[in-house]
Amino acid sequence: MILPDLTATQALAARLASLARPGDALLLSGPLGAGKSALARAFLRALTGDPALEVPSPSYTLVQSYPLPGGGQAHHFDLYRLDGPADLQELGWEDALADIVLVEWPERLGGLTPPRALHVALRPIDEDARDVTLHGWEGRL
Ligand SMILES: Nc1ncnc2c1ncn2[C@@H]1O[C@H](COP(=O)(O)OP(=O)(O)O)[C@@H](O)[C@H]1O
Ligand SMILES: [Mg+2]
């Protein structure tokens, strides 16, 4: 699909949030500036029901967790600086998979890539437009 502007990306994120349930993983790929964090921010705001939710970049902490109104949590990972699979275990990856997880730079997961994840690939077209490809969640989208 084409996302003509940031508002379109935010609307897609809100729709995905309405479909997400515990045990789901969304893998956000694309180059720097593609909009992975922008999509994650809108997703987490929709999921928590808090349009003003602060969603800092987890690029240094690698993971940021958010309690959800109905119970449970969502975890936003940015694996750009991940050193290896051992570090991922230390971040609580296995436990996080029982909740909702969003992953930027999912290529770093290697063999730990969740098998039933939704793959969201973003590609810049110009300053405001993005091409997005969704793969996974068969029968749910
Ligand atoms: N259609 C769009 N979707 C997502 N971001 C967009 C779009 N148009 C412009 N942008 C801008 O592009 C930038 C994307 O940055 P960011 O989400 O941090 O990228 P990434 O996490 O992929 O490196 C933001 O400044 C955002 O406002
Ligand atoms: Mg980012």
Side-chain angles (χ1 to χ4, degrees), residues 1-70 72-141:
M1 292 186 293
I2 302 296
L3 301 167
D5 53 28
L6 180 59
T7 305
T9 300
Q10 291 168 335
L12 172 66
R15 286 187 58 192
L16 294 176
S18 74
L19 294 172
R21 49 195 189 217
D24 280 339
L26 291 88
L27 308 181
L28 312 178
S29 63
L32 206 66
K36 303 181 294 296
S37 293
L39 194 155
R41 184 172 297 114
F43 180 96
L44 289 163
R45 286 177 174 168
L47 202 61
T48 57
D50 178 359
L53 181 73
E54 284 288 337
V55 179
S57 170
S59 52
Y60 287 95
T61 55
L62 302 195
V63 61
Q64 195 78 40
S65 298
Y66 300 84
L68 300 178
Q73 293 182 75
H75 308 277
H76 178 198
F77 288 84
D78 183 329
L79 302 181
Y80 190 73
R81 293 185 168 78
L82 185 75
D83 281 331
D87 286 20
L88 195 58
Q89 303 298 2
E90 266 175 44
L91 292 171
W93 176 248
E94 293 297 334
D95 287 341
L97 288 176
D99 301 317
I100 296 173
V101 301
L102 287 165
V103 185
E104 297 185 46
W105 301 102
E107 299 82 359
R108 302 281 200 277
L109 288 169
L112 292 173
T113 303
R116 281 176 298 280
L118 178 68
H119 296 253
V120 181
L122 290 159
R123 196 173 56 83
I125 295 172
D126 57 30
E127 199 177 318
D128 289 324
R130 303 291 185 268
D131 178 282
V132 65
T133 304
L134 303 177
H135 181 251
W137 286 9
E138 274 81 10
R140 288 176 63 188
L141 296 177

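Only heavy atoms go into these numbers, but all of them, side chains included; no hydrogens, no water, no symmetry mates.
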### Residues forming a salt bridge (Lys or Arg N to Asp or Glu O under 4.0 Å) with R140, sequence neighbours excluded
D24
### Task
Please identify each residue that fulfils side-chain contact (heavy atoms from CB on, under 4.5 Å) with R41, with sequence neighbours left out.
R45, V55
### Task
Write out all pairs satisfying side-chain hydrogen bond (donor to acceptor under 3.5 Å, both in side chains) with one or both partners inside residues 51-64, taking only residues at least two apart or from two chains.
S57-S59, Y60-R81
### Query
Can you name the residues that form a side-chain contact (heavy atoms from CB on, under 4.5 Å) with R123, not counting sequence neighbours?
D131
### Task
Please test Q89 against L112 for side chain to side chain contact (heavy atoms under 4.5 Å, CB included), starting from the C-alpha separation and ending with a verdict.
CA-CA 10 Å; Q89 303 298 2; L112 292 173; 3.9 Å; yes
### Separation of L82 CG from L79 CG (nearest 0.5 Å)
5.0 Å
### Query
Taking all non-hydrogen atoms of both residues, which atom of P67 and which atom of T48 are closest, and how far apart?
O-CG2, 4.0 Å
### Query
Between H75 and S65, which heavy-atom pair has the shortest distance, and what is it?
ND1-OG, 2.7 Å
### Residue pairs involving residues 83-113 (criterion ring-ring contact (aromatic ring centres under 6.0 Å, His included); sequence neighbours excluded)
F77-W93, Y80-W105
### Task
Just jot down the side-chain hydrogen bond (donor to acceptor under 3.5 Å, both in side chains) partners of T113, sequence neighbours excluded, or say none.
none
### Task
Give, for atom CG of D128 and atom CG of L3, the distance between the pair rounded to the nearest 0.5 Å.
11.5 Å
### Task
Dump the intermediate steps for side chain to side chain contact (heavy atoms under 4.5 Å, CB included) on L88 and R108, then the final yes or no.
CA-CA 10 Å; L88 195 58; R108 302 281 200 277; over 6 Å; no
### Message
According to salt bridge (Lys or Arg N to Asp or Glu O under 4.0 Å), does anything in residues 92-105 pair up with another residue at least two apart or in another chain? List the pairs.
### Response
none
#### Entry: Considering all heavy atoms, the nearest L44-A74 contact
CD2-CB, 3.7 Å
In residues 6-19, what donor-acceptor pairs under 3.5 Å come from side-chain atoms, sequence neighbours left out?
| residue | atom | partner | partner atom | Å |
| --- | --- | --- | --- | --- |
| S18 | OG | R15 | O | 2.7 |

### Query
What pairs with P124 under side-chain contact (heavy atoms from CB on, under 4.5 Å), at least two apart in sequence or on another chain?
P31, A34, R130
### Task
Mind listing the closest non-hydrogen atom pair of S29 and E107 along with its distance?
CB-OE2, 3.5 Å
## Note on the structure
Test side-chain contact (heavy atoms from CB on, under 4.5 Å), reference V103, set L27, V63, L26, output is L27
### Task
For D83, enumerate each residue passing the side-chain contact (heavy atoms from CB on, under 4.5 Å) test, keeping only those at least two apart in sequence or located in another chain.
D87
### Query
Would a 4.5 Å heavy-atom cut-off, applied to side chains only, mark L134 and M1 as touching?
yes
### Message
Looking at every heavy atom in both P114 and L109, which two are closest together, and how far apart are they?
### Response
CD-CD1, 4.0 Å
### Message
Applying ring-ring contact (aromatic ring centres under 6.0 Å, His included) as the test, list every pair that has at least one member in residues 118-140; sequence neighbours left out.
### Response
H119-H135
